Amino acid sequence: MEYMEWSRQALVQLQEKEHIRILAIESSCDETAAAVVEDGRKILSNAVFTQIDLHALYGGVVPEIASRAHVEKVDRMVDEALREAGMALKDIDAIAVTYGPGLVGALLTGVSCAKALAYGAKKPLVPVNHIEGHICANFLTHPNLQPPFACLVVSGGHSHLFSVEDYGVYRIIGQTQDDAAGEAFDKAARVLNIPYPGGPLLDKLAEKGNPHALKLPRPKTEGRYDYSFSGLKTAFINAVHNARQKGEEWNDADLAASFRHAVVSFLVDKAMLAAEEMGLKKMALAGGVSANSLLRRDMEAACQKRGIELYMPKLSLCGDNAAMIASAGYYRLRRGEIADLTLNARPALRLK
Ligand code: KG4
Ligand code: ZN
């Protein structure tokens, strides 16, 4: 029997099953990860190998190094995820994998591994959008959360405000016109000599600084709920360089706090504008930047003030991981969205 024919039959049989266990693989950027999740909500294992040390020397992710490290680690992470979950491949119902967006060579490693596993073990293959995975990290943290809700996705590569209308059904409310929020944090951190990825350390440093020490512009955007971080980033970098040239003594913590405040207030204000004007009652955060301590605090306060329920992934699920991919894969599988073995990496995949 052909793989796809077999896979479709397996899909029908899964409808009768009480619990569905998905093994997922994530390799879109600089984390090699594998996880097993039950029914889209319960994490049975979540193995993550972060390549940060390999890239820190270069001040950012080097695609060639990332691909090679994924090749070296992906099998091990799959083994670890199965072992931690106390399972063998035969106990798994489907294989989910991130197929975009991300670095093409990095994505291809995970996609190839997932296809080989799916073919070898005769399991349905579920393609997952990385951004959707970030959103689904909220389902792993909040067992009762159900669509519809709005979700602000802020990561190293993306800044979007989505309306999550149903499982797997998204509408873009707003998005960045240029850089992503995480990218801006990383670039701002670099000028303060904070090693890559600078976001988390800049956040920590900012806790000790004065957020009003340096005044930064509020970027203008075309769309009412859109974002823009490029001008803010450049204004910050120029201000720091000018200050240094003039020999002015600036406190790095004040600079970090000022930049963080500018980014976070922009994110929160736009999300709240959309919430008020569109009557949104439930809001979620997702992506690496949703670990930002000021963003979490200010969102909490802003939502509380307006009677909006706020959902945030737990800190360990904000960054890239495969549990979130397994959760997204579960809802895609339930909609019958499986792939054949021609599945390819899609570096510029969009979520709509
Ligand atoms: O979601 P993620 O792990 O990878 C992408 O899909 O891009 O996000 C990584 C980004 C990096 O830019 C990193 O600096 C940023 O998230 N980040 C933070 C914090 N933690 C991670 N940015 C600001 N504050 C943080 N606490
Ligand atoms: Zn990510």
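Note that these values count all heavy atoms, side chains included, but never hydrogens, waters or copies made by symmetry. Computed from a prediction, not measured in an experiment: that's the story for all the values here. Just follow the structure's listing: the first ligand is 1, and inside any ligand the first atom is 1.
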Going by the closest heavy atom to [atom], which one wins out of [options]?
{"atom": "atom 11 (C) of ligand 1", "options": "Leu202, Leu201, Asp320, Asp186", "value": "Asp186"}
{"atom": "atom 8 (O) of ligand 1", "options": "Ala188, Ala180, Gly156", "value": "Gly156"}
{"atom": "atom 22 (N) of ligand 1", "options": "Gly199, Pro101, Ser28", "value": "Gly199"}

Who are the ring pair (Phe, Tyr, Trp, His ring centres under 6.0 Å) partners of Tyr167, not counting sequence neighbours?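 Counting only residues at least two positions away or on another chain, Tyr167 forms a ring pair (Phe, Tyr, Trp, His ring centres under 6.0 Å) with Phe139, Tyr331.
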For Tyr99, ring pair (Phe, Tyr, Trp, His ring centres under 6.0 Å) partners two or more places apart: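 Testing Tyr99 for ring pair (Phe, Tyr, Trp, His ring centres under 6.0 Å), a comparison that skips the adjacent residues, returns none.
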So if I count the atoms of ligand 1 from 1 in the order they appear, which ones are less than 4.0 Å from some heavy atom of Ser155?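 So the answer, numbered in order with elements, is 1 (O), 5 (C), 6 (O), 7 (O), 8 (O).
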Could you list which atoms of ligand 1 come closer than 4.0 Å to a heavy atom of Gly319?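 Listed by number with element, the hits are 3 (O).
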For ligand 1, is there an atom lying under 4.0 Å from some heavy atom of Ala291?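 So Ala291 counts as touching ligand 1.
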Short question: side chain of Asp178, backbone of Phe229 - any donor-acceptor pair under 3.5 Å?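 Side chain of Asp178 to backbone of Phe229, a donor-acceptor pair under 3.5 Å: yes, one is there.
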Keeping the roles fixed (side chain from Arg296, backbone from Met312), state whether a donor-acceptor pair exists under 3.5 Å.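 No, because the side chain of Arg296 does not come within donor-acceptor range (under 3.5 Å) of the backbone of Met312.
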With a 4.5 Å cut-off on side-chain heavy atoms, are Met324 and His130 touching?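 A side-chain contact under 4.5 Å exists here.
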Mode of Asn292 contact toward ligand 1 - side chain, backbone, both, neither (heavy atoms, under 4.0 Å):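 Looking at Asn292 and ligand 1, atoms from backbone and side chain both fall under 4.0 Å.
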Which bit of His134 gets closer than 4.0 Å to ligand 1, counting heavy atoms only: side chain, backbone, both or neither?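 Contact part for His134 vs ligand 1: side chain (C-beta onward).
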Quick test: of every protein heavy atom, which one is nearest to [atom], and how far off is it to 0.1 Å?
{"atom": "atom 26 (N) of ligand 1", "value": "Asp203 OD2, 3.0 Å"}
{"atom": "atom 17 (N) of ligand 1", "value": "Gly288 O, 3.7 Å"}
{"atom": "atom 15 (C) of ligand 1", "value": "Val289 CG2, 3.9 Å"}

Arg41 atom CZ, over 12 foreign heavy atoms within 6.0 Å: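 More than 12 heavy atoms, drawn from other residues, nucleotides or ligands, come within 6.0 Å of this atom.
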For [X], is at least one N or O under 3.5 Å away from an N or O on ligand 1?
{"X": "His130", "result": "yes"}
{"X": "Phe185", "result": "no"}
{"X": "Gly182", "result": "yes"}
{"X": "Gly157", "result": "yes"}

Could you check whether Thr32 and Arg76, counting side-chain N and O atoms only, form a donor-acceptor pair closer than 3.5 Å?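 No, no side-chain donor-acceptor contact under 3.5 Å.
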Using a distance-only test with no angle check, is there a side-chain donor-acceptor pair under 3.5 angstrom linking Thr98 and Glu26?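 Per modelled atom types, Thr98 and Glu26 side chains form a pair under 3.5 Å.
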Among Arg21, Lys17, Lys123, find the one that has a salt bridge (Lys or Arg N to Asp or Glu O under 4.0 Å) with Asp93.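 That would be Lys17.
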I want to verify a count. Protein N, O or S atoms less than 2.8 Å away from the Zn ion (ligand 2), how many are there?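 There are 3 of them.
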Only one of Ile95, Asp340, Leu343 passes side-chain contact (heavy atoms from CB on, under 4.5 Å) with Lys115; say which it is.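 With Lys115 as partner, side-chain contact (heavy atoms from CB on, under 4.5 Å) holds for just one option, Leu343.
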Shortest non-hydrogen contact between Ala180 and Ser155, atoms and distance: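 Smallest interatomic distance, heavy atoms only, reads CB-O, 3.6 Å.
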Pairs touching residues 204-216 that satisfy side chain to side chain donor-acceptor pair (under 3.5 Å), sequence neighbours left out: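 Side chain to side chain donor-acceptor pair (under 3.5 Å) check on residues 204-216 returns Glu207-Arg260, Glu207-Ser293, Glu207-Arg297.
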Report the C-alpha separation of Phe149 and Ile135 in whole Å, then their side-chain angles, then the decisive distance to 0.1 Å, and conclude whether the side-chain contact (heavy atoms from CB on, under 4.5 Å) test is met. CA-CA 11 Å; Phe149 58 91; Ile135 296 172; 4.2 Å; yes
